[in-house]
Amino acid sequence: MLDVKLLRANINDVAEQLKRRNVDLDVEAFNTLESRRKELSVSTQELQNERNKSAKSIGQAKAKGEDIQPLLDQVADLGGQLKAAEDELAALNSSIHEMMMGLPNLLHETVPAGDSEDDNVEIRRWGEPTSFDFKPKDHVDLGAPNGWMDFEAATKITGSRFVVMRSAMARMHRALIQFMLDTHSQEHGYGEVYVPYLANEDSLKGTGQLPKFEEDLFKMKGEHNFYLIPTGEVPITNLVRGEIIDEKDMPLMYTGHTPCFRSEAGSYGKDTRGLIRQHQFEKVEMVQMVKPEESWDKLEELLGHAEAILQKLGLPYRVMTLCAGDTGFSAAKTYDLEVWLPGQDTYREISSCSNFEDFQARRMMARYRNAETKKPELLHTLNGSGLAIGRTLVAVVENYQQEDGSILVPDVLKPYMGGIEKLS
RNA sequence: GGAGAGGUGGCUGAGUGGUCGAAAGCACUGGUUUUGAAAACCAGCGACGGUUUACCCCGUCCCAGGGUUCGAAUCCCUGCCUCUCCGCCA
């Protein structure tokens, strides 16, 4: 959420900045609501003050044994007036809040202009696209024939966009999770967490998936308002919802593995083949809660932690800065890591690393106590995939394939796979 | 799932429907004392919003949402959560 004070003071600036995202802020509507709110807030407080004073004097009169009936008559209609004013004010406040919850974050000045992923800007590459002296296959042709990846079985069990994995492939999938968690927790300084895979409405509002993007989520039936998490970002970031963190404990760094569930509404017909776009996939997530002045440096560090995984796995990739139109709702700036996929002869997103500044923190009242001022201040949140497991598996399978259809095991994964050299 | 007890400031924990934003203790901060530290003593110490140069002042907040009342931390209803006992269970 943006700071409502910012809108009160500089709404035209904000509107101008939101245009970069092709978002049209209704300045007039906001100003109308806001001026009415201010008026009403003042008059409501006056009424409240009057009520408090008279209640107090009635109490005192009663304590002295005086007749309080005349005083009661004086305040007879106060209650009704106050109730009406409070109700109207509450309605107004919730309209303003609703409007604020629907506005995306302001973009960092370094975010390039653009409307779609075609306008994202490449900032560097690591490694060269893998070369083969035969025609490389994609992961489906490599995995499906021998049952390593069984899309038909998954369709029977559930439906489209799910997968069953078997034997060595299932094991390598699991190995990737262990390898990433170990790397982040042992080498990069993250604390490992295990978290719920169902989250409530407040949590999803906190990180920004609700109220705007409910159609992307799977919602539980029944009396609880629970949703399957679309990313580990949701439960992990919400660890600090409503908390005031000691400055000495900052930055907080968490890593965790979770499944992710996405309805993929609106992407029918897109990436229907293989593991690229599933309703259920695994991810190892990195989340940081940092002091505001540190967040831009921390974004570069966090990006480096994600890159380290790809480098250890020996997978060629490039780093992209998302353009204005492609940057997510809550983020001020996002880097995507795109890994080389020989089967598709292209780079595909495998990680997304973002700085949210105080956008999520304000939604969930996540603060830290500034040691100098002793006051609670909003902290900054960041997160990044480190990495998406399914897509990493695709990248390993396609980049490490041999002409006979076997898959070499990257060195760093061997300890997690009983030392075997290849899948065959 | 059944029965009971609770949810109060960073923590523990008092609170008769009427100067209660809330006793007390701990923690923390500042001071006195001390070569220094500890101890002792004194003082300060919630969040958010409005107003203000600032002080002050005003409002809201005692799990959440409703209700009763001139007035609610306190009474009533609903929900959420925690604890104890029983049942079930990985």
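Every chain is numbered from 1 and lettered A, B, ... according to where its sequence line falls, protein lines coming before strand lines. All values below were derived from every heavy atom in this structure, side-chain atoms included, with hydrogens, water molecules and symmetry-related copies excluded.
When the P atom is used for both G66(B) and U53(B), the distance is 36 Å, rounded to whole Å. Taking atom C1' in both C45(B) and A24(B), the straight-line distance is 15 Å, to the nearest Å. For U51(B) and G59(B), the P atoms lie 16 Å apart once the distance is rounded to whole Å. Across the P atoms, C56(B) and A47(B) are found 14 Å apart, a figure rounded to whole Å. Of the P atoms belonging to U32(B) and C83(B), the separation is 47 Å, rounded to the nearest Å. Between G18(B) and U29(B), the distance separating the two P atoms is 38 Å to the nearest Å. Separating the C1' atom of G36(B) from that of A22(B) is a span of 40 Å, rounded to the nearest Å. Nucleotides U34(B) and A38(B) are separated by 10 Å at their C1' atoms, to the nearest Å.
Look at CE on Met365(A): it is 8 Å from P on G49(B), rounded to the nearest Å. Between the CG atom of Asn93(A) and the C1' atom of C48(B) there is a distance of 13 Å, rounded to whole Å. Glu86(A) has its CD atom 13 Å from the P atom of G65(B), to the nearest Å. In this structure, Leu82(A) places its CG atom 13 Å from C1' of U69(B), rounding to the nearest Å. For Lys62(A) and G71(B), the NZ to C1' distance is 10 Å, given to the nearest whole Å. For the pair Gln45(A) CD and G59(B) C1', the interatomic distance rounds to 4 Å; values are reported in whole Å. What separates CD of Glu34(A) from C1' of G49(B) is a distance of 12 Å, to the nearest Å. The nearest whole Å value for the distance from the NZ atom in Lys56(A) to the P atom in A72(B) is 12 Å.
Nearest-nucleotide positions on RNA chain B for Glu377(A) and Lys53(A) put Glu377(A) closer to the 5' end. Nearest-nucleotide mapping onto RNA chain B: of Phe226(A) and Val75(A), the residue sitting toward the 5' end is Val75(A).
Of the side-chain N and O atoms in Arg51(A), none sit less than 4.0 angstrom from OP1 or OP2 of C58(B). Regarding contacts with the backbone of U68(B), every side-chain N or O of Lys83(A) stays at 4.0 angstrom or more from both OP1 and OP2.
A salt bridge does not link Lys83(A) to Glu86(A): none of the charged side-chain nitrogens sits closer than 4.0 Å to a carboxylate oxygen.
Listed nucleotides G50(B), G18(B), G59(B) differ in distance to Gln48(A); the shortest reach to its side chain belongs to G59(B). Minimum atom distance to the side chain of Asn49(A) is reached by G59(B), of the listed G59(B), G71(B), G67(B). The side chain of Lys5(A) lies closest to G49(B) when the candidates are G49(B), C70(B), G59(B). With C70(B), U51(B), U60(B) as the choices, the nucleotide that has an atom nearest any side-chain atom of Asn52(A) turns out to be U60(B). Of the listed nucleotides (U60(B), C70(B), G49(B)), C70(B) has the atom at the smallest distance from the side chain of Ala55(A). Here the side chain of Arg367(A) is nearest to one of G18(B), G59(B), A47(B), namely A47(B).
Across the strands present, G87(B) finds no partner; the criterion is a Watson-Crick or G-U wobble pair with both atom distances under 3.5 angstrom. When Watson-Crick and G-U wobble pairs are counted only if both distances are under 3.5 Å, G21(B) pairs with no nucleotide at all. The partner of C45(B) cannot be assigned: no Watson-Crick or G-U wobble pair with both contacts below 3.5 Å exists in any strand. For A73(B), there is no paired base (Watson-Crick or G-U wobble, both distances below 3.5 Å). The partner of A54(B) is absent, by the rule that a Watson-Crick or G-U pair needs both atom distances under 3.5 Å. Base pairing of U35(B): no nucleotide in any strand meets the Watson-Crick or G-U wobble criterion (both distances under 3.5 Å). C62(B) is unpaired under the Watson-Crick or G-U wobble criterion, no partner having all donor-acceptor distances under 3.5 Å. Base-pair partner of G6(B): C81(B) (Watson-Crick or G-U wobble, both distances under 3.5 Å).
For the residue pair Thr334(A) and Ser354(A), a side-chain donor N or O sits within less than 3.5 Å of a side-chain acceptor on the partner.
Without hydrogens or angle criteria, Asn49(A) side chain to Gln45(A) main chain gives no donor-acceptor distance under 3.5 Å. Ser385(A) places a side-chain N or O within 3.5 Å of a backbone atom of Ser352(A) that can act as its donor or acceptor partner.
No more than 12 heavy atoms of other residues, nucleotides or ligands sit less than 6.0 Å from atom NZ of Lys156(A). When the shell of 6.0 Å around CD of Glu98(A) is examined, it contains 12 or fewer heavy atoms from other residues, nucleotides or ligands. The number of heavy atoms from other shown groups lying within 6.0 Å of CD (Glu293(A)) is above 12.
Backbone-only engagement by Arg8(A) is indicated by non-hydrogen atom pairs under 4.0 Å involving sugar-phosphate atoms exclusively. Among the atoms of the strands shown, none is found under 4.0 Å from any heavy atom of Asp246(A).
Ring planes of Phe162(A) and His279(A): tilted class, angle from 30 to 60°.
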